2 protein chains.
Amino acid sequence: MARNLQDHILQTASGLFYSQGIKATGVDAIVKAAGTTKMSLYKYFPSKDDLVLAHLNKSRDAMLNRILAGVELRASEPKQKLLAVFAVFDELLASPEFRGCPFINASAEFAEAANPVQLAAAEFSDAFREILAELARQAGSPDPEQLSQQLAMLISGAIVSEQMRRQSGAMRIASAAAKILIEQSLTTAG
Amino acid sequence: MARNLQDHILQTASGLFYSQGIKATGVDAIVKAAGTTKMSLYKYFPSKDDLVLAHLNKSRDAMLNRILAGVELRASEPKQKLLAVFAVFDELLASPEFRGCPFINASAEFAEAANPVQLAAAEFSDAFREILAELARQAGSPDPEQLSQQLAMLISGAIVSEQMRRQSGAMRIASAAAKILIEQSLTTAG
DNA sequence: TTGCAACTATACAGACCGGTATGTATTATT
DNA sequence: AATAATACATACCGGTCTGTATAGTTGCAA
């Protein structure tokens with residue numbers, strides 16, 4: 001199935017980490033699910049922490065790419081692209097496998113501020129916000145930093161809300177708020 | 001110090017659960033920090049799960065009361081009260097002990113959807129949103145449910161943002177967005 | 001066919017987990 | 001002074017955790 005054992009292990013671990021939580025997923029469970037052995041896992045990932053960070057890096061790349069591709073697919077004008085981000089996330093939340101944001105969850109699981117996991121989570125957060133800021137800039141917002149941060153908050157808030165109560169249509173409601181904030185920000189530009 | 005040992009244990013556990021995470025906090029650590037023994041802990045709390053739920057219930061009450069009191073202290077008109085909620089949270093985020101929202105974090109730590117912890121988190125979330133909805137209703141919003149959900153998202157989003165990157169002034173930026181959404185919602189009323 | 005590398009199988013080490021058993025000291029009430 | 005409740009001290013249980021050691025198996029290539 002998987003040509004590369006290392007990738008296969010990472011992929012399996014990634015799925016378990018996301019669906020069950022990182023601390024709740026033992027190495028034995030990963031090994032069993034991947035159909036391999038501890039020896040092989042520890043050959044490619046010297047420690048569970050390394051595997052966790054690999055998982056976060058992989059998830060970060062996958063998520064950013066998915067957002068960029070989804071936006072490109074749905075809109076051509078910057079202002080519409082900003083709203084398309086919400087549509088991409090709305091689709092994500094609809095999936096039955098949805099279990100919140102991997103980075104928010106990881107950040108909550110590893111409390112210590114200096115933890116590498118925290119850093120990885122912040123790294124994604126910054127990258128995501130930069131995407132929004134660039135779109136806001138292109139749309140002509142006079143304060144793309146502030147607008148992008150506000151939109152990012154709406155999205156994280158909607159994710160958290162949907163995580164606690166499924167099928168609440170949180171992202172749609174966030175999108176309505178986004179529309180107002182975007183409009184307001186752009187008309188202040190003139 | 002503590003008149004009631006049960007309360008003392010709960011208070012100690014609550015602090016550790018919040019600052020270090022629930023799964024990261026062992027019963028032994030709680031016992032040691034509280035200066036008592038396992039036997040006494042297990043007399044009042046039959047299992048760690050019971051202690052965790054007691055912690056969440058206590059945190060819920062404390063948080064809701066703090067919000068209500070803080071709002072009452074800061075504003076008298078409903079519209080101003082809605083904005084005062086953001087000021088209350090802004091104060092919370094400024095504390096060096098701030099480590100995110102106890103309920104968002106707990107929800108992330110316990111992945112299973114049917115878990116009592118998830119239920120407790122959702123319970124707080126609903127109660128909080130109902131406070132906002134009532135204020136929105138009093139302020140004359142034509143759709144208090146939607147407005148309250150949007151404001152709640154901004155707040156959770158700001159909390160999560162501040163958790164990953166401290167001193168970012170997230171709540172102030174969320175408050176600016178809230179002001180726009182509230183104004184927009186109320187002028188649509190007439 | 002031999003040799004080598006990748007992978008498997010399994011057992012184990014050592015630490016920590018939640019939870020229990022047994023017994024003792026302290027305090028207040030009667 | 002006797003009793004009962006409360007809390008402490010300590011050792012222990014079975015289980016699980018990450019990580020390692022040792023040995024056997026497979027497949028491929030020279």
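The chains referred to below are lettered A, B, ... by the order of the sequence lines, with proteins before strands, and numbering in each begins at 1. Since the model is a prediction, treat every value here as computed from it, not as a measurement.
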Between [atom2] of [N] and [atom1] of [X], the distance in whole Å:
{"X": "A:Asn4", "N": "C:dA6", "atom1": "CG", "atom2": "P", "answer": "12 Å"}
{"X": "A:Ile9", "N": "C:dA6", "atom1": "CD1", "atom2": "C1'", "answer": "12 Å"}
{"X": "A:Met39", "N": "C:dC7", "atom1": "CE", "atom2": "P", "answer": "12 Å"}
{"X": "B:His8", "N": "D:dT6", "atom1": "NE2", "atom2": "P", "answer": "18 Å"}
{"X": "A:Leu41", "N": "D:dT20", "atom1": "CG", "atom2": "P", "answer": "11 Å"}

Residue pairs, two or more places apart or on separate chains, that pass salt bridge (charged side-chain N to carboxylate O under 4.0 Å, His left out) and touch residues 113-123 of chain B: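 As it turns out, the salt bridge (charged side-chain N to carboxylate O under 4.0 Å, His left out) pairs with a partner in residues 113-123 of chain B, which skip direct neighbours, are B:Arg60-B:Glu123.
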Of all pairs that satisfy salt bridge (charged side-chain N to carboxylate O under 4.0 Å, His left out), the ones with a partner from residues 101-110 of chain A, not counting sequence neighbours: none
Collect all protein-nucleotide pairs involving nucleotides 12-19 of chain C in which both atoms are nitrogen or oxygen and the distance is under 3.5 Å.
residue	atom	partner	partner atom	Å
C:dG18	OP1	B:Lys48	NZ	2.8
C:dG18	OP2	B:Val27	N	2.8
C:dG19	OP2	B:Tyr42	OH	2.9
C:dG19	OP2	B:Lys48	N	2.8
C:dG19	N7	B:Lys38	NZ	2.6
C:dG19	O6	B:Lys38	NZ	2.5

Pair up each side-chain donor or acceptor in residues 89-99 of chain A with any protein partner under 3.5 Å, not counting sequence neighbours, and list the distances.
residue	atom	partner	partner atom	Å
A:Asp90	OD1	A:Arg172	NE	3.3
A:Asp90	OD2	A:Arg172	NE	3.1
A:Glu91	OE2	A:Arg74	NH2	3.4
A:Ser95	OG	A:Glu97	N	3.0
A:Ser95	OG	A:Glu97	OE1	2.7
A:Arg99	NE	A:Tyr18	O	3.3

Non-neighbouring partners of [X] that pass salt bridge (Lys or Arg N to Asp or Glu O under 4.0 Å), sequence neighbours left out:
{"X": "A:Glu183", "answer": "A:Lys79"}
{"X": "A:Lys38", "answer": "A:Asp28"}
{"X": "B:Lys32", "answer": "none"}
{"X": "A:Asp49", "answer": "none"}

Sugar-phosphate only, base, or nothing, as touched by A:Tyr44 at under 4.0 Å among non-hydrogen atoms: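 A:Tyr44: backbone/sugar contact only, no base atoms under 4.0 Å.
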Please enumerate all protein N or O atoms sitting under 3.5 Å from an N or O of nucleotides 25-28 of chain C, with distances to 0.1 Å.
none

Phosphate OP1/OP2 of C:dC7 contacted by A:Thr36 side-chain N/O (<4.0 Å):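 It does not, given that no N or O in the side chain of A:Thr36 lies less than 4.0 Å from OP1 or OP2 of C:dC7.
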side-chain N/O A:Thr37 vs C:dC7 OP1/OP2, d < 4.0 Å: no
A:Gln138-A:Glu134 side chain donor-acceptor pair, cut-off 3.5 Å: yes
Spacing of CE belonging to A:Met153 relative to CD1 belonging to A:Ile155, to within rounding of 0.5 Å: 12.0 Å
